[in-house]
Trainee: 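Structure incoming, see below.
Just so you know, residue 1 is the first one in the sequence shown, and it goes up from there. Just so you know, these numbers use all the heavy atoms, side chains as well, and skip hydrogens, waters and symmetry mates.
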Amino acid sequence: MKKLLSVLSLSMLLVVAACGSNTNSENETSGEAEQADTKSVLLDFQAEVVSVLKENNDKIVAYESAKATFLDSETPEAEKPSKEELEELKGHAVEASKATIDGIEGLSVPAELDESKEEIESSFDELTQVYNIRAEQADIEDPSVQEKAAEHFTAFEDKMGKVFEDTGLIKPSFAKELE
């Protein structure tokens with residue numbers, strides 16, 4: 001009888017232990033699935049942000065490139081754009097910058113990224129500054145304007161990069177996406 005009770009209690013102990021380990025395994029699997037979902041949502045959101053930035057980027061880059069050529073003392077006059085061409089490109093770049101700001105402001109952080117929402121919105125503030133500088137100071141020949149815009153873009157990438165790293169992803173380069 002004692003042997004029977006011992007065997008039964010050992011069996012019960014094994015059953016209880018086995019059930020407990022299944023619960024832990026299910027919880028770990030659930031946590032891993034949530035993290036994978038968050039990563040997937042973040043990558044989809046990154047693609048959405050890049051799409052907004054690329055939409056008008058060509059007009060901005062065309063103006064900045066033409067302006068650099070126009071101001072370059074080593075470029076022959078025959079290869080430089082005329083002032084009229086430069087003014088037309090500037091107008092397109094200013095409108096493109098404003099449209100990009102509207103696009104950035106139209107982005108909404110997905111609910112799955114609520115833990116990082118404050119950091120993401122802060123990075124968007126930096127990004128908005130980039131395009132405000134480009135729109136408001138497009139005609140200034142001072143190279144520090146581009147430097148200010150680049151500083152804000154770097155701050156945007158750093159803040160968004162932290163969100164990616166906190167999620168277990170590699171920090172992306174939005175600048176490379178725009179090349």
Side-chain angles (χ1 to χ4, degrees), residues 13-65 89-138 143-179:
L13 183 61
L14 289 173
V15 168
V16 170
C19 289
S21 69
N22 283 346
T23 305
N24 287 340
S25 176
E26 289 172 9
N27 286 341
E28 288 173 11
T29 304
S30 175
E32 290 171 2
E34 282 181 33
Q35 186 177 18
D37 286 345
T38 301
K39 288 179 180 180
S40 177
V41 169
L42 184 56
L43 291 171
D44 289 345
F45 188 59
Q46 174 192 7
E48 187 178 348
V49 171
V50 168
S51 175
V52 166
L53 299 180
K54 280 185 169 183
E55 191 172 330
N56 294 293
N57 194 54
D58 290 345
K59 295 174 186 174
I60 297 167
V61 170
Y63 170 65
E64 290 174 352
S65 176
L89 289 172
K90 180 180 86 171
H92 294 305
V94 168
E95 291 305 313
S97 294
K98 290 177 182 178
T100 302
I101 292 168
D102 290 342
I104 294 165
E105 291 173 349
L107 292 169
S108 59
V109 179
E112 295 87 348
L113 302 177
D114 275 349
E115 288 182 20
S116 305
K117 186 174 185 172
E118 190 174 309
E119 189 71 24
I120 292 170
E121 288 177 347
S122 175
S123 74
F124 284 176
D125 290 342
E126 294 291 343
L127 192 56
T128 302
Q129 284 298 315
V130 171
Y131 291 94
N132 272 327
I133 290 170
R134 286 178 162 173
E136 294 173 2
Q137 301 178 10
S144 69
V145 171
Q146 275 307 106
E147 291 169 13
K148 288 179 202 173
E151 287 172 16
H152 285 287
F153 196 85
T154 299
F156 157 72
E157 283 195 311
D158 289 345
K159 289 179 179 183
M160 280 299 285
K162 183 178 180 331
V163 172
F164 276 76
E165 289 170 344
D166 289 349
T167 309
L169 294 169
I170 297 171
K171 177 182 174 181
S173 173
F174 287 88
K176 285 187 179 178
E177 294 282 346
L178 297 175
E179 291 179 349

Trainee: Applying ring pair (Phe, Tyr, Trp, His ring centres under 6.0 Å) as the test, list every pair that has at least one member in residues 99-123; sequence neighbours left out.
Mentor: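 Passing the test, one end in residues 99-123: no pairs.
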Trainee: Identify every side-chain donor-acceptor pair in residues 105-120 under 3.5 Å, counting partners at least two apart or on other chains, and give the distances.
Mentor:
none

Trainee: Show me the side-chain donor-acceptor pairs of residues 47-61 shorter than 3.5 Å, one per line, residues at least two apart or across chains.
Mentor:
unit_1	atom_1	unit_2	atom_2	d
Lys54	NZ	Glu177	O	3.4
Asn57	ND2	Leu178	O	3.2

Trainee: To the nearest 0.5 angstrom, please state how far the CG atom of Asp37 sits from the CG atom of Leu42.
Mentor: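 Nearest 0.5 Å value for the CG-CG distance: 12.5 Å.
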Trainee: Determine, stepwise, if the pair Arg134 / Glu64 fulfils side chain to side chain contact (heavy atoms under 4.5 Å, CB included).
Mentor: CA-CA 9 Å; Arg134 286 178 162 173; Glu64 290 174 352; 3.1 Å; yes
Trainee: Sequence neighbours excluded and cut-off under 3.5 Å, please list the side-chain donor-acceptor pairs for residues 168-176, or say none.
Mentor:
unit_1	atom_1	unit_2	atom_2	d
Lys171	NZ	Asp158	OD1	2.8
Ser173	OG	Lys176	N	3.2

Trainee: Find the distance between CD (Glu121) and OG1 (Thr128) and round it off to the nearest 0.5 Å.
Mentor: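 With rounding to 0.5 Å, CD (Glu121) is 11.0 Å from OG1 (Thr128).
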Trainee: Any side chain to side chain donor-acceptor pair (under 3.5 Å) involving residues 89-101? Give me the pairs, sequence neighbours left out, ordered by first then second residue.
Mentor: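 Residue pairs with at least one partner in residues 89-101: Glu87-Lys90.
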Trainee: Any chance you could measure Ile104, atom CD1, to Leu127, atom CG, to the nearest 0.5 Å?
Mentor: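 The CD1 atom of Ile104 sits 3.5 Å away from the CG atom of Leu127.
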Trainee: Quick check for you: to the nearest 0.5 Å, what is the distance between Phe153 atom CZ and Gln146 atom CD?
Mentor: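 Going from CZ on Phe153 over to CD on Gln146, the span is 12.0 Å.
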Trainee: Can you list everything that forms a side chain to side chain contact (heavy atoms under 4.5 Å, CB included) with Glu126? Sequence neighbours excluded, please.
Mentor: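 Here the qualifying residues are His152, Ala155, Phe156, Lys159.
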